[in-house]
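Single-structure report; data block below.
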Amino acid sequence: MKKLVLIDGSGIAYRAFFALPLLNNDKGVYTNAVYGFTTMLLKIIETEKPTHLLVAFDAGKTTFRHKTYKEYKGTRQKTPPELSEQLPLIRELLDLMGIQHYEKDQYEADDIIGTLSKQAQQKGWTTKVVTGDKDLLQLVDDKVTVSLTRKGITDMDDYDAAKVFERYEIEPIRIIDLKGFMGDSSDNIPGVPGVGEKTAIKLLKQFGSLEAVFEDLEAVSGKKLKEKLEANQDQAVMSKQLATIDIHAPVDIELDRLTYQQTFSQELSELFKELEFSSLLNRIGFEETIAGESQEIEVKSEVLTTIEDSLLLKESALTVEILEENYHYAEILGFGLANEKGCYFVPKDVAFSSERFKSWLQDETTRKIVYDRKRDRVALKWQGLELKGVHFDITLASYLIDPSESNHDLAAIAKRRDIKYVYSDEAFYGKGAKQQIPDEDKLADHVARKAKAMLELEPLLAEELEENHQSSLFYELEMPLADVLGEMEFKGVDISETTLKDMGVELNDKLIQLEKHIHALAGTEFNINSPKQLGEILFEKMNLPVIKKTKTGYSTSADVLEKLQGHHEIIDKILEYRQLGKLNSTYIEGLLKVIHPKTGKIHTLYRQALTQTGRLSSTDPNLQNIPIRLEEGRKIRKAFIPSKKDWMMFAADYSQIELRVLAHIAEDENLIKAFKEDMDIHTKTAMDVFGVAEGEVTSLMRRHAKAVNFGIVYGISDYGLSQSLGITRKEAGEFIEKYLDSYPGVRRYMTEIVQQAKHDGYVTTLLHRRRYLPEITSRNFNRRSFAERTAMNTPIQGSAADIIKLAMVSMAERLKEEQLEANMLLQVHDELIFEAPKHEIDRLKIIVPEVMENAKALKVPLKVEASYGQTWYDAK
DNA sequence: GGTTTCACGC
DNA sequence: GACGTACGTGAAACCA
C-alpha cells in the first residue's frame, strides 16, 4: 500500500515562523521557522510513515493567477527577511534528509500538491496533505485527507470528507464556491462584499454551487443579499476561479520517484548542531556527545597530588566540583584551578588534607573567579570551610548581562563568547538515571577545562557588565547578596516536626471524611485528585454545566468550580478537599520530607539567577509560597519556630513597594501625593477611578480598585483583570482607562517605556538591571502585547526587587556592626523574616524598618511594617 | 521521565 | 475576529 505525504512547504514555514518566537543560534542566524518546520516534519514522518514524500514550495512572486487578477495577494506583506533567510536552510535540511522538494515557476505549492494528489488517487494511493491553509480542504476525497495546523505547529486537525462536512456542512469541492462568495482577505480575493461564511454556506446548501445561485438569483431570499450578489457576480466567479487549485499543473515529476526512506546522516546531525537543535538530535538518534568539537581542542592540565604554594596565585579561577543540585547535601568531588601557571585538578583527598590549600580557600586577599559563589560557599560551609576572596561570579554576571538566556550553563556562556573547549556538566556527567562519574583522568580534564574557561571569561564578562552600566549592580549588590543569601540558606529555619505531624493527622482525618462524603454525593468512588475522573463525574454523570474546557477535557479549576457553587453541594466539598489536599501533600508532607537530617532545620535554595525581573525564587523547598490568605493554611506557619529557646520570630514587610516605585518612576503627582500623605492606596484609587469621596468608597469599589492596582503591578491584561473580577473585558478595559485618566504621569510612563523598549530592545530597573524584549516589534498581536505589558511591568517589579536586595545587604552589615545575634532567615519578595533573642526585639523594631526604608531614596517614602511572635504565624 | 492540571505565594 | 495572556514552585495523575 502506497502512502504519499505532500507538504505545503511555504505555508508550513510561514506558520512556524509566526508561531514560534524568533530563535537564533550563537551566530545570529534565525532558526525558528526551520525548527518548527523540522519538528512538524519529524512528527509527520513518525505518525504517517509515508512511502512517498514531497515538499512543495511556492515559486517567485507572480503566478498564473495574476493574469486573471493582478491584485492577487496584493495586500500581502513582504515576507520578512528573518523568514526568507531561513528558506534555503529548510531546503538544505530536506536534501540532507533525502526528502524531495519541488517548485514550479508561475505555480503555487497548492497547485503542485493538487496535481500530484489527483495523480496518486488515479493510482489508488492514499495521500495526506499537510498545510496551514484551509483552501487545501477542496482536495479532500476518498483517498486524500488534509492535516491542518491548528495552533502552534505540531498540533494538527485531520480532515476527511466527513470532517469537512461536519465543519462546513458542504462537500469538500464546494470550498471553492465558498471562497467565491466569501473571498479571502489574506490572498486579497474579493468575493461578494457583505457575504461571509454563514451566508455563503446557507446559499450553497440551498443551491449546491455558486453557478447555480446565479442561475436562479430570484430564488435567493432577502432583497439586500440579492442586490449584492447581482452587483458582484463577475467578481464572485473570478474569486472562485482564483481559489480553485489547478489539478492539471504541468508538474514534471514522476510520482514513483518520490519514494522516501528514512536515513539520518552524520551531515544532518552536523546541521542540527550548527542550528543548535539539540532536542532534535536525540530524536534522530544522535545523542549530543561530549565528543565533537570540544575534545578536539586540547587543554593541558595536571592532576595535583601535592599542593605547592607556587600554584596558589592571588588571581585564579576556582571550581568546586559537585554533582547534586541541592548543595546542602553535596559531596565534593574535587576542585579545578586555573591561573597563569596552568590548569589543574585537585582531587578532594589532596585538597582536604592540604592545610595550604584550605587556607588559600579561606584567604580574603585572593581574587577568585568562581562559577557560582553561593553554591561553592555553602557546599564548603557544610565541610567547615569559609570560602573567601571571591572576586567574580560567572553565573551572576551572565544573568545580569541577559537574564533571558535559558541556561547560565558554563559551556553555553563560554560558547556564546567563542570559547569552545569546555563542555556542559549535563553532557559530561549525563542526567537523571544516566548520570555517572567518569574515571579520574576524564574528570580532571573536564574540571580543568571549566576552570580555564572561567579564567578566560572573566575579563569578557566584566567588560560587558561595564558597557551595560551594571558593574555597580554586580559588584556592590548581587555579589555581596550571594553571601548574605548563602548565610540564610546555611543557617536554615527551624521547624517543629511535631506541630506538622499533628496537623497532618488532623488533615488526614478530615480528608477521609470529605472523600467519603464526596463519593456518596457522586454515587460512585473515584479519584478526586484526577481532573479527568472528576470532570467525567461532574459534567457527564451529574450533568453540571460545562464552563470551560482544557485541551484535554473539562476544566475543573477553582474558578470553574466557584461558578458551579449552588448547583450541587458536592462542589463546596470538592473545593474544600482540594484546599486541604494541597495543604497536606505540598506543605505538611512536603516540608517533612525536606527537614535536614543533620540540623533538623529547613534549608531552602534561593535561585539568584533565574527570574526575568530580578526577583529571587526559592526551591527545595519553596519557602516563598507558604500559605497565608486562608486561615487553615496560615496555620502551617505555626510550625516555623526560632531555633533557640527564648528567641522570637520577627517579620518586616514593605507596604505597597511596587506602587511606590511606580509613583517614583512615573513621577505621577497624584500618586506621589497619595503616598506622601500615607493614604490607603486602594481606597485612594477607588476614589479616583469612581469619582467619589473617601467616605463613599464601598467595599466593592475598593476591591475593584485593588485588582486594578494589582494588575498595574503585575502587568496583567484587560482580560486578566476581567477574569479576576468576574466582569467583562470591556468593563475591565474601561477601569484601566479611568485609572490612567486619574494618573496621567502613569499613562505617560506606560507610553514612554514601550517606546523606549522598542527603541533600545530592552528595559531597565533603577539599578540598571536589564530585560530584553525582542518581541516588542512582533507582528503577532499577542506576542507584542505581552512584550508591551512586560516593558511596563519589569521596571516596577524589578526595581522593587533591587530595593529589597539592597536592604538585605545593608541589613546583614548592620546586624554585624551592632553585634546582634539575630539571624535573617527568609525573604519573600517584599518581606524579610528573622529570628532573634527576645532582648534584641526592641532593637530590631527600630533598625529593621530603618534599614529597609532607607535602602534607596525615592520621590516617595518607603514604608515598612514589622511584627514578631513565638512562631512565624504569630509574627503578624 | 515528560506533560498536564491544579494551587500556593507575591 | 481570534489569538491567550504577571512570575515562580511543586504535587498528582497520566501517558509512554
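In what follows, chains carry the letters A, B, and so on, assigned in the order in which the sequence lines appear, proteins first and then strands, with residues in each chain numbered from 1.
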Which class fits the ring pair Trp872(A) and Phe640(A): parallel under 30°, tilted 30 to 60°, perpendicular over 60°? perpendicular

Is Ser717(A) touching bases, backbone alone, or none of the nucleic acid, heavy atoms closer than 4.0 Å? base

Return no unless some side-chain N or O of Arg578(A) is found under 4.0 Å from OP1 or OP2 of dA7(B). yes

Could you measure between the two P atoms, the one in dT5(B) and the one in dG4(C), and give it in whole Å? 14 Å

Could you give the NZ-to-C1' distance, from Lys549(A) to dG4(C), as a whole number of Å? 19 Å

Whole angstrom is fine here: how far is it from OH in Tyr606(A) over to P in dG8(C)? 17 Å

Assuming nearest nucleotide by heavy-atom distance, tell me which of Gly590(A) and Gln533(A) is located more 5' along DNA chain C. Gly590(A)

Whole-Å distance, Asp559(A) CG to dT5(B) C1', equals 12 Å

Look at all strands and tell whether Asp830(A) reaches a base, only sugar-phosphate, or nothing, counting heavy atoms closer than 4.0 Å. sugar-phosphate

Any N or O donor-acceptor pair under 3.5 Å from the base of dG4(C) to the side chain of Asn782(A)? yes

Under 4.0 Å, heavy atoms only, any strand: does Gln579(A) hit a base, just the sugar-phosphate, or nothing? sugar-phosphate

So for Arg783(A) and dG4(C), does any side-chain atom that can act as donor or acceptor lie under 3.5 Å from a complementary atom in the base? no

Heavy-atom closest pair (Leu561(A) atom, Arg578(A) atom, distance to 0.1 Å) is CD1-NH1, 3.7 Å

Among dC7(C), dG4(C), dT9(C), which is the nearest nucleotide to the side chain of Phe786(A)? dC7(C)

Could you state the atom-to-atom distance from NZ of Lys582(A) to P of dT5(B) in whole Å? 16 Å

Ser530(A) side-chain proximity, nearest of dC10(B), dG4(C), dA13(C): dA13(C)

Is Tyr719(A) stacked against the base of dT5(C), taking the criterion as centroid distance under 5.5 angstrom and interplanar angle under 30°? yes

What does Thr556(A) touch in the nucleic acid at a heavy-atom separation under 4.0 angstrom: a base, only the sugar-phosphate, or nothing? sugar-phosphate

dT9(C) phosphate, OP1 or OP2, under 4.0 Å from Ser617(A) side-chain N/O: yes

Which nucleotide sits closest to the side chain of Thr552(A): dG8(C), dT4(B), dC10(B)? dT4(B)

Nucleotide nearest Tyr714(A) (side chain, heavy atoms from C-beta), chosen from dA6(C), dT5(B), dT9(C): dA6(C)

Regarding Arg789(A), tell me which of base, sugar-phosphate or nothing describes its non-hydrogen contacts under 4.0 Å with the strands shown. base

Starting from the C-alpha separation in whole Å, work towards a yes-or-no answer on ring-ring contact (aromatic ring centres under 6.0 Å, His included) for Phe710(A) and Tyr714(A). CA-CA 6 Å; Phe710(A) 179 87; Tyr714(A) 289 116; 4.7 Å; yes

Just verifying a value: how many Å separate Arg15(A) CZ and Asp133(A) CG, rounded to the nearest 0.5 Å? 9.5 Å

Tell me: CD1 of Ile626(A) to P of dG10(C), nearest whole Å? 11 Å

The side chain of Thr550(A) is closest to which nucleotide in this list: dG4(C), dC10(B), dC6(B)? dC6(B)

Specify whether His603(A) and His328(A) have parallel, tilted or perpendicular ring planes, treating 30° as the upper limit for parallel and 60° as the lower limit for perpendicular. tilted

Taking the minimum atom-to-atom distance to the side chain of Glu831(A), which one of dT5(B), dG8(C), dC10(B) wins? dC10(B)

Taking OP1 and OP2 of dC6(B), is either one under 4.0 Å from a side-chain nitrogen or oxygen of Ser555(A)? yes

Take the protein atom CD of Gln612(A) and the nucleotide atom P of dA6(C), then report the distance between them rounded to whole Å. 16 Å

Using atom P in both nucleotides, what's the gap between dT5(C) and dC6(B) to the nearest angstrom? 14 Å

Are Arg770(A) and Tyr762(A) in a cation-pi setup, meaning NZ or CZ lies under 6.0 angstrom from the ring centre and within 45 degrees of the ring axis? yes

Return no unless some side-chain N or O of Lys532(A) is found under 4.0 Å from OP1 or OP2 of dC15(C). yes

Mate of dC3(C) across any strand shown (Watson-Crick or G-U wobble, both atom pairs under 3.5 Å) is none

Taking only the side-chain heavy atoms of Pro627(A) (C-beta and beyond), determine which of dC10(B), dA11(C), dG9(B) contains the nearest atom. dG9(B)

Considering Watson-Crick and G-U wobble pairs with both distances under 3.5 Å, what does dT4(B) pair with? dA12(C)

With rounding to the closest Å, how many angstrom separate the C1' atoms on dC8(B) and dA6(C)? 15 Å

Check: dC8(B) base within 3.5 Å donor-acceptor of Arg629(A) side chain: no

For Arg634(A), report the nucleic acid contact type (base, sugar-phosphate, nothing); a contact means any heavy atom under 4.0 Å. nothing

Whole angstrom value for the distance that separates C1' of dG8(C) from CZ of Arg771(A): 12 Å

Are the side chain of Lys510(A) and the backbone N or O of Tyr577(A) linked by a donor-acceptor pair below 3.5 Å? no

Select one nucleotide: of dG9(B), dT5(C), dA11(C), the one nearest the side-chain heavy atoms of Arg637(A). dG9(B)

If the cut-off is 4.0 Å, is Asn527(A) near the phosphate of dA13(C), judged by side-chain N/O to OP1 or OP2? yes

Starting at CG of Asn584(A) and ending at C1' of dC6(B), how long is that distance when rounded to a whole Å? 16 Å

Classify the ring geometry between Tyr554(A) and Phe539(A) as parallel (under 30°), tilted (30 to 60°) or perpendicular (over 60°). tilted

